[in-house]
Amino acid sequence: MKFTKKDFLWGGATAANQIEGAWNVDGKTPVSTDIQPFTEMKDRTKVSAFNAVTREDVKKALSDTEHYYPKRYGNDHYNRYKEDIKLLAEAGMNIYRMSISWARIFPNGDDAKPNQKGIDFYRNIFNECHKHNMKIMVTMVHFDFPIAIGDKFGDWTNRKFIDLYMRYVETLFTEFGQDVDYWLPFNEMNVGLLVGHMQSGIYENEYKNPFSAKFQALHHQFVSVAKCVELSKKMKIKGTVGCMIAMITLYPYDCHPDNILAWYKEKQMLQDFFFDVLTTGEYKTYTKDMFKKFGASAPIVEKGDAEFIKNNSIEFITFSYYMSNVVKVTDGAADKTGGNLFGGTKNPFLEANEWGWQIDPVGLRYTLNNMWDKYQLPMLISENGLGFVEKMKDENDVIQDDYRISYLNDHFKAIQGAIDDGVDVFGYTMWGPIDLVSAGTSEFSKRYGLVYVDYDDYGKGTGNRYPKKSYKWFQDFMKTKELK
Ligand code: BG6
């Protein structure tokens, strides 16, 4: 079959904290992900870098000389960005999704002036993209909460963060407003429910109910997203502003009413809540139950917030989609499986990778339909891909990643299916087209790339880039748009 949609955007997605390295170079200060060490793992479904951290953990990690912290070094993109962008362009990609590190622009949060070296770095990247005729999507915060900002101003439960963040946003809009096509204020906002520190700076042990803190932080981020929309219009920048969640596509285990009800409530909490607030400004009735579930208090919403969010609603929707999960609350044995946020019950109809992420292209078509019916906003799938352990034997070896080719092929077919259903999908950026550090486990061995990078979990290797079989497959697909 052929992928028929014209002017569709095809690209790759990355995040500063997983690729750049240079964690303390040219003025950049440490961020929340720089303190996540690599841990040897036997069962890959059970390890997570997304643990609650304490102030003490941060202090220890910053003076630790024993462990290796992969996100400090990424895949050395800071020094290799020209080669990387050329590889993406030569694969045929016409959009690049990347993130800017707040700590590279305002290393101390309230610096009198932005850090010129940080601005220059991103300008160079954008120039490379323009040279190769690639559009640009920028995530302004992708899991990398600046530690120095936290030390001075606390965390996102403090409403003052909206101003701090907007100063950063205004700087980016001023510097890059004519370069960037799409802006995402935050990566996967719903991850904020699971981990407090990584994106919101919350030390969970310092709160009586960490969930109350996380909901409050999220509220301030919702208001910030609307402020980004407002500012983008005021400053007449070229790009539009959308937002993103991690799509946890869920199915009820069976037609037992208890499983249906539990599935519905979990879906409201993990998916609906975020785009419902961002498009209407409202905390719908179901949120009461959601706060209750966590024994959390509802966030303090200032007068005018709801109206403001509604009047400055996001212009497009993006989500990451890797897998689907199953909800089961009824008694009886069922295997469990892993997942990027919350694991779930195993779906007997699906295969999974080593991390237990269940492969489900049809779920993508279902999800796109569901999101379109609910919000009627144009959509881009901002992450998707298959993590796999791979090892090149020698310099001339080419990784034969047929499993990745078939994963991509099937997901592209699902997108075409949704387009045929009448859904407005305008683009797709695959996760980690050049191997990078895993967000969830901090390992390098979980490779998503079309391009292999010669680093191991401890950063040993040349860092050289080697296209895999899937690179050539993608190149051909971009020319023919043929799918199997
Ligand atoms: C998304 C994140 O949750 O999933 C990325 O936005 C992340 O940062 C990606 O890398 C894949 O997850 P992981 O844990 O396999 O790296």
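In each ligand, atom 1 is the first atom listed, and ligand 1 is the first ligand listed.
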- Tell me whether the guanidinium CZ or amine NZ of R97 lies under 6.0 angstrom from the six-membered ring centre of Y182 and within 45° of its axis. no

- Counting both backbone and side chain atoms, is some N or O of F143 under 3.5 Å from an N or O of ligand 1? no

- Sub-4.0 Å atoms of ligand 1 with respect to non-hydrogen atoms of A439: 7 (C), 8 (O), 10 (O), 13 (P), 14 (O), 16 (O)

- Nearest non-hydrogen contact to atom 3 (O) of ligand 1 from the set E188, R447, K446 belongs to E188

- Note on the structure: Any heavy atom of A15 under 4.0 Å from ligand 1? The part involved is neither

- Check Y321 against ligand 1 and report side chain, backbone, both or neither, counting heavy atoms closer than 4.0 Å. neither

- Message: Quick check: do Y165 and C228 have side-chain heavy atoms less than 4.5 Å from each other?
- Response: yes

- Examine the side chains of D155 and Y207 and answer whether a donor and an acceptor come within less than 3.5 Å of each other. yes

- Item | Candidate with minimal heavy-atom separation from atom 12 (O) of ligand 1, of W355, Y322, W357 | W357

- Task: Could you list the atoms of ligand 1 found under 4.0 angstrom from a heavy atom of S438?
- Result: 13 (P), 14 (O), 15 (O), 16 (O)

- Item | Note, N75 side chain near V437 side chain (heavy atom, < 4.5 Å) | no

- Query: Of the backbone atoms (N, CA, C, O) and the side-chain heavy atoms from C-beta on, which set of V191 has a member under 4.0 Å from an atom of ligand 1: side chain, backbone, both, or neither?
  - Reply: neither

- Note on the structure: If we number the atoms of ligand 1 from 1 as shown, the ones under 4.0 Å from a heavy atom of Y448 are 11 (C), 12 (O), 13 (P), 15 (O)

- Are side-chain N/O atoms of T139 and N187 paired as donor and acceptor at under 3.5 Å? no

- Taking all non-hydrogen atoms of both residues, which atom of T14 and which atom of Y96 are closest, and how far apart? OG1-OH, 2.8 Å

- Message: Can you confirm whether more than 12 heavy atoms, excluding those of F153, are under 6.0 Å from its CZ atom?
- Response: yes

- Query: More than 12 heavy atoms of other residues, nucleotides or ligands under 6.0 Å from NZ of K5: is that the case?
  - Reply: yes

- Which is it for S320 and ligand 1 at heavy atoms under 4.0 Å: side chain, backbone, both or neither? neither

- What atoms of ligand 1 come closer than 4.0 angstrom to any heavy atom of G440? 13 (P), 14 (O), 16 (O)

